[in-house]
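Residue numbers start at 1 and run along the sequence shown. Treat the numbers as computed from the prediction; the structure is a model and nothing was measured.
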Amino acid sequence: MASSVSSDRDVNQVVFEATSCVRKVTLNRPRQLNCLTFEMISQLLRAFKEYEQDPQVRLVIVKGKGKAFCAGGDVVRVIQSMLGGDYRSVLDFYRKQLTLDYLVATYKKPVVFLINGAVMGGGAGLSMNAKFRIITENTVFAMPEASFGHHPDVGASYFLSRLPGHFGECLGLTGAKINGSEMLACGLATHFVYSKDIESMEDALCRAFSSNTSLEFGHESDVSRIIKEFVHNLVLKEGSSLKRLEVINHCFGKDTVEDILSALEKEATRMDDKWITNAIKSMKFASPTSLKISLRSIREGRKQSLRQCLSREFNISSRIVLRSFNYNDFYEGGKAFFFDKGKKFKWEPSKLEQVQDATVMQFFEVVHDDRWGYLEIPDRSHELKRSKL
């Protein structure tokens, strides 16, 4: 049956179901690849708060309808709001989204994400810090924000910075896509289950947590035991970027974006590798300022908690949205990327060497402007460390 947390407005964008002690949450914008709107995030936030406080709820399952789990936040609506000068609604969107991401990451009850399809941007922020991240042969992950003048936010500076070596910098700067086996190998996913078995696993979880009173909420080992009945081991393909981790660490471990790009170009001269060629092409296509912001953010993320990362990312996004320091790359890049497809435009500055360190530093300063407010994430003293189950 439908849960009471659904509102009359845009009720079908998220479908909530109750099966005894299990709650199922389905992102329901398949034509838009389940990209998150403000209304969806609001419904999800209300639902998760309600479920956490409800003693009857022992498990939450989250999935997406259609071919994608969630391809990100609804950037089209964000750009439309910016075009109309409605910056407040954009910042409200980011604020609520990051608050939701933190709530899910520190949840007191088991949450199982069934990521059967594309997971990018806001979809990754929603799921990548949860304890159970189930992927399939259909799963594709990417953080392509730098390609349209933004930066990997939604907690990405936390979960990317904790990947092996400098693989996180690689994904954040190139926007490269990786498949399910690569996600599992690098720690972005916890389990692999074939898509044909997802429904059976979901049913097994529902039966166990609805009928067996010995499976108390919070016993993540019980969830893991049931999931493992359906998992399969995977072997990385020969062309996987993770088989080039030594080269990735050598290149993406450099101090600056310029040095990273230079190291990649040197590698390209000594080996014929399509992966390196694509990495160079992607970085040269992206906003130079975005690349520098992204690198610094991921590096700072290594030393910070998830809560600190989310606060810093919101601050950076606020600067970008408000077009501080005459920064228009997201505004112009977003328009070209999502509206005027194929239209040529010029990043400003257009070259990495023209982006001053002092300018990049300004994006990390706290926004002192009462018109826009701040990100105040509620203190959850039981904050959990990200686990690889």
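Residues Arg77 and Glu39 are paired through a salt bridge, judged by an N-O separation under 4.0 Å between the basic side chain and the carboxylate. At a threshold of 4.0 Å, the pair Arg270-Glu267 counts as salt-bridged, since one of the basic side-chain nitrogens sits closer than that to a carboxylate oxygen. A salt bridge does not link Glu52 with Arg23: every distance from a Lys NZ or Arg NE/NH1/NH2 to an Asp or Glu carboxylate oxygen is 4.0 Å or more.
At least one test fails for Arg46 against the ring of Phe48: distance under 6.0 Å to the centre or angle within 45° of the axis. Within the cation-pi definition used here (under 6.0 Å to the ring centroid, within 45° of the axis), Arg323 qualifies as a partner of Tyr331. With Phe325 as the aromatic partner, Arg319 does not meet the cation-pi criteria of under 6.0 angstrom to the ring centre and within 45 degrees of the ring axis.
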Take Met283 and Leu352, measure what side chain to side chain contact (heavy atoms under 4.5 Å, CB included) needs, and give me the verdict at the end.
CA-CA 10 Å; Met283 289 182 64; Leu352 284 168; 5.8 Å; no
Start with the C-alpha gap between Thr37 and Ile41, add the side-chain angles, then the distance that decides, and say whether side chain to side chain contact (heavy atoms under 4.5 Å, CB included) holds.
CA-CA 6 Å; Thr37 64; Ile41 292 169; over 6 Å; no
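Formation of a donor-acceptor pair under 3.5 Å by the Ser290 side chain with backbone atoms of Gly149 is found in this model. In terms of modelled atom types and a separation under 3.5 Å, the side chain of Ser127 and the main chain of Gly123 share a donor-acceptor contact. Within the 3.5 Å criterion, the main-chain N or O of Arg207 finds no donor-acceptor partner in the side chain of Ser210. Using modelled atom types, no side-chain atom of Thr359 and backbone atom of Val355 make a donor-acceptor pair closer than 3.5 Å.
Relative orientation of the Phe330 and Phe148 rings is tilted, given thresholds of 30° and 60° on the angle between their planes. Note: Tyr94 and His150 have tilted aromatic rings, judged against thresholds of 30 and 60 degrees for the angle between ring planes.
Outside the 6.0 Å centre-distance limit, the rings of Tyr51 and Tyr107 are not counted as a close aromatic pair.
In Glu353, the CD atom is crowded: over 12 heavy atoms of neighbouring residues, nucleotides or ligands sit closer than 6.0 Å. The number of heavy-atom neighbours closer than 6.0 Å to NZ of Lys65, taken from other residues, nucleotides and ligands shown, is 12 or below.
Inter-residue side-chain proximity for Ile260 and Leu295 is flagged as met; some heavy-atom pair is nearer than 4.5 Å. The shortest distance between side-chain heavy atoms of Pro152 and Ser294 falls below 4.5 Å. Counting heavy atoms from C-beta on, the side chains of Met201 and Ile134 come closer than 4.5 Å.
Cluster annotation: Leu114 and Ile227 are assigned to the same hydrophobic cluster (Ile/Leu/Val/Met/Phe/Trp/Tyr, side-chain heavy-atom contacts under 4.5 Å, transitive).
Judged as a side-chain hydrogen bond (donor to acceptor under 3.5 Å, both in side chains), the pairs with a partner in residues 175-186 (not counting sequence neighbours) are, in order, Asn179-Ser181, Glu182-Ser240.
Taking both residues in full, the closest heavy atoms of Cys206 and Ile61 are given as SG-CD1, 4.3 Å, listed atom of the first, atom of the second, then distance.
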